Amino acid sequence: VKVKIPFGNKYLDAVFSVPEKKPTYGVILTHGAGGDMNFPHLVSLAAYLASYGVLCLRFTCKGLNIAYRTKAFKTVVEYLRFSDDYKLSGVFLAGRSMGSRAAASVIRQLSQDDDEDGFIQGLVCLSYPLHRPKLQSKLRDEDLLLIRCPVLFVSGSADEMCEKQLLEGVVSKMKAPKKIHWIEKANHGMAVKGRTTDNVMEEINAQVFSWLRENVHLEQK
């Protein structure tokens, strides 16, 4: 179901992947610095989650300004929170690369508001860009360290923007319940030599769903 979400004086393009049965939980998904909501990994994950009864809302927000992307993500969260069409018990925020930074930033901001009602259940970071390539001295970890809700990281062990030891170091300092799933030999784009994209996505999708199920009650198909 295509929707346009009001954002300032314009609209964000978004698509709902709707399960057959009435969903209790949802996932909001967005893309990295390049591309849009039709990035194949997001389409694959949304279809997979919907097939297991999880509502998925993915949206496009162009722009390389993290504050702008965060504001857009927040708008989408509010849109779903007050949606008459889907009365959800809670949502997980998820993003790929820069999109996961925006998601983390939204959760940190909302957790500082007093009216946080437990609507946000957790955070899924696909290829979290912990640092710029070859610039490991500046870590983008400030939001992660302040988050309290459960967090799942799915990262490639050969990601040039997320060195394995550095992410493990940040995660060990996080106060939130957290889990890392490493995709062996995958780069930032989740490409693995000798494996097809579909094969890698099957691993990612299954990991994300099983983690969601660990955190909220989801029926098995």
Side-chain angles (χ1 to χ4, degrees), residues 27-35 39-49 51-52 54 56 58 66 92-108 121-216 218:
V27 171
I28 302 176
L29 257 181
T30 194
H31 54 89
F39 187 72
H41 294 187
L42 302 189
V43 176
S44 170
L45 180 58
Y48 185 92
L49 293 176
S51 77
Y52 281 93
V54 179
C56 224
R58 56 181 211 278
I66 190 71
F92 290 84
L93 305 193
R96 202 197 102 69
S97 192
M98 187 181 187
S100 64
R101 273 185 76 200
S105 183
V106 170
I107 291 179
R108 182 184 61 89
Q121 298 280 330
L123 168 66
V124 179
C125 296
L126 307 174
S127 296
Y128 187 84
L130 187 60
H131 52 78
R132 292 198 169 104
K134 300 192 175 68
L135 195 67
Q136 286 88 336
S137 56
K138 280 191 169 173
L139 296 184
R140 298 160 171 158
D141 59 357
E142 56 284 353
D143 288 331
L144 298 176
L145 296 175
L146 294 168
I147 287 174
R148 293 282 187 272
C149 67
V151 184
L152 170 68
F153 294 93
V154 181
S155 281
S157 66
D159 187 336
E160 60 281 10
M161 294 179 73
C162 185
E163 203 172 282
K164 196 171 176 186
Q165 279 173 308
L166 292 176
L167 182 63
E168 285 172 345
V170 169
V171 165
S172 70
K173 287 187 278 191
M174 286 170 64
K175 295 188 173 62
K178 64 269 178 178
K179 182 179 178 182
I180 310 178
H181 179 76
W182 294 106
I183 306 287
E184 285 306 317
K185 301 191 176 74
N187 65 10
H188 189 64
M190 290 293 183
V192 182
K193 276 193 181 125
R195 288 181 71 180
T196 63
T197 305
D198 287 349
N199 177 264
V200 174
M201 280 317 299
E202 275 169 30
E203 180 181 343
I204 294 172
N205 295 347
Q207 280 296 325
V208 171
F209 179 70
S210 73
W211 179 81
L212 295 181
R213 217 175 57 220
E214 284 166 25
N215 285 285
V216 290
L218 295 170

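Being a predicted model, the structure only gives us computed values, none of them experimental.
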Asks: I'd like to check the salt bridge (charged side-chain N to carboxylate O under 4.0 Å, His left out) partners of D143; sequence neighbours left out, ordered by chain and number.
Replies: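 With neighbours one apart ignored, the set is R108.
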Asks: Could you tell me which residues satisfy side chain to side chain contact (heavy atoms under 4.5 Å, CB included) with N199, sequence neighbours excluded, listed by chain and number?
Replies: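 Result, side chain to side chain contact (heavy atoms under 4.5 Å, CB included) vs N199: R195, T196.
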Asks: Please check if atom CD in Q165 has more than 12 non-hydrogen atoms from other residues, nucleotides or ligands closer than 6.0 Å.
Replies: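 It does not: Q165 CD has 12 such atoms or fewer within range.
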Asks: Side chains of M174 and V151: closer than 4.5 Å at any heavy-atom pair?
Replies: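 Of all side-chain heavy-atom pairs linking V151 with M174, at least one is under 4.5 Å.
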Asks: Under the side chain to side chain donor-acceptor pair (under 3.5 Å) rule, what pairs show up with a residue in residues 168-177, not counting sequence neighbours?
Replies: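 Those involving residues 168-177 are E168-W182.
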Asks: Sequence neighbours left out, what passes salt bridge (charged side-chain N to carboxylate O under 4.0 Å, His left out) with R140? Give chain and number order.
Replies: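 With sequence neighbours excluded, R140 shows a salt bridge (charged side-chain N to carboxylate O under 4.0 Å, His left out) to no residue whatsoever.
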Asks: Among V27, N205, L29, find the residue that satisfies the side-chain contact (heavy atoms from CB on, under 4.5 Å) test when tested with L49.
Replies: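 By the side-chain contact (heavy atoms from CB on, under 4.5 Å) criterion, L49 pairs with just one of V27, N205, L29: V27.
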Asks: Please list, one pair per line, the donor and acceptor atoms closer than 3.5 Å that link side chains of residues 94-101 to other protein atoms, with sequence neighbours excluded.
Replies:
| from | atom 1 | to | atom 2 | distance (Å) |
| --- | --- | --- | --- | --- |
| R96 | NH1 | S127 | OG | 3.3 |
| R96 | NH1 | H188 | O | 3.1 |
| S97 | OG | H188 | NE2 | 2.8 |
| S100 | OG | S97 | O | 2.6 |

Asks: How far does CG of L42 sit from CE of M201, to the nearest 0.5 angstrom?
Replies: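 That separation rounds to 8.0 Å.
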Asks: With sequence neighbours excluded, what pairs up with A186 under the side chain to side chain contact (heavy atoms under 4.5 Å, CB included) test?
Replies: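 Per chain and number, A186 pairs via side chain to side chain contact (heavy atoms under 4.5 Å, CB included) with I183, M190, V192.
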Asks: For D141, give me all partners under side-chain hydrogen bond (donor to acceptor under 3.5 Å, both in side chains), at least two apart in sequence or on another chain.
Replies: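 Not a single residue meets the side-chain hydrogen bond (donor to acceptor under 3.5 Å, both in side chains) criterion with D141.
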Asks: Just verifying a value: how many Å separate L123 CG and I28 CD1, rounded to the nearest 0.5 Å?
Replies: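 L123 atom CG to I28 atom CD1 measures 12.0 Å (nearest 0.5 Å).
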Asks: Does K164 use its side chain to pair, donor to acceptor, with the backbone of S157 at less than 3.5 Å?
Replies: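 No: the side chain of K164 does not pair with the backbone of S157.
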Asks: With sequence neighbours left out, what residues match K179 under salt bridge (charged side-chain N to carboxylate O under 4.0 Å, His left out)?
Replies: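 With sequence neighbours excluded, K179 shows a salt bridge (charged side-chain N to carboxylate O under 4.0 Å, His left out) to E214, given in chain and number order.
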Asks: Quick one: ring-ring contact (aromatic ring centres under 6.0 Å, His included) partners of H41, sequence neighbours excluded?
Replies: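 Here the qualifying residues are F39.
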Asks: Residues in side chain to side chain contact (heavy atoms under 4.5 Å, CB included) with N215, at least two apart?
Replies: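 In terms of side chain to side chain contact (heavy atoms under 4.5 Å, CB included), with neighbours along the sequence ignored, N215 is linked to F92, P150, W211.
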Asks: Who are the side chain to side chain contact (heavy atoms under 4.5 Å, CB included) partners of Q136, not counting sequence neighbours?
Replies: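 Only H131, E163, L166 meet the side chain to side chain contact (heavy atoms under 4.5 Å, CB included) criterion with Q136.
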Asks: Rounded to the nearest 0.5 Å, how far apart are CG of L130 and CG of D159?
Replies: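 One gets 9.0 Å once the value is rounded to the nearest 0.5 Å.
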Asks: Where is the tightest heavy-atom contact between S210 and Q207, given as atom of each residue plus distance?
Replies: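 Closest approach of S210 to Q207, heavy atoms only: OG-O, 3.2 Å.
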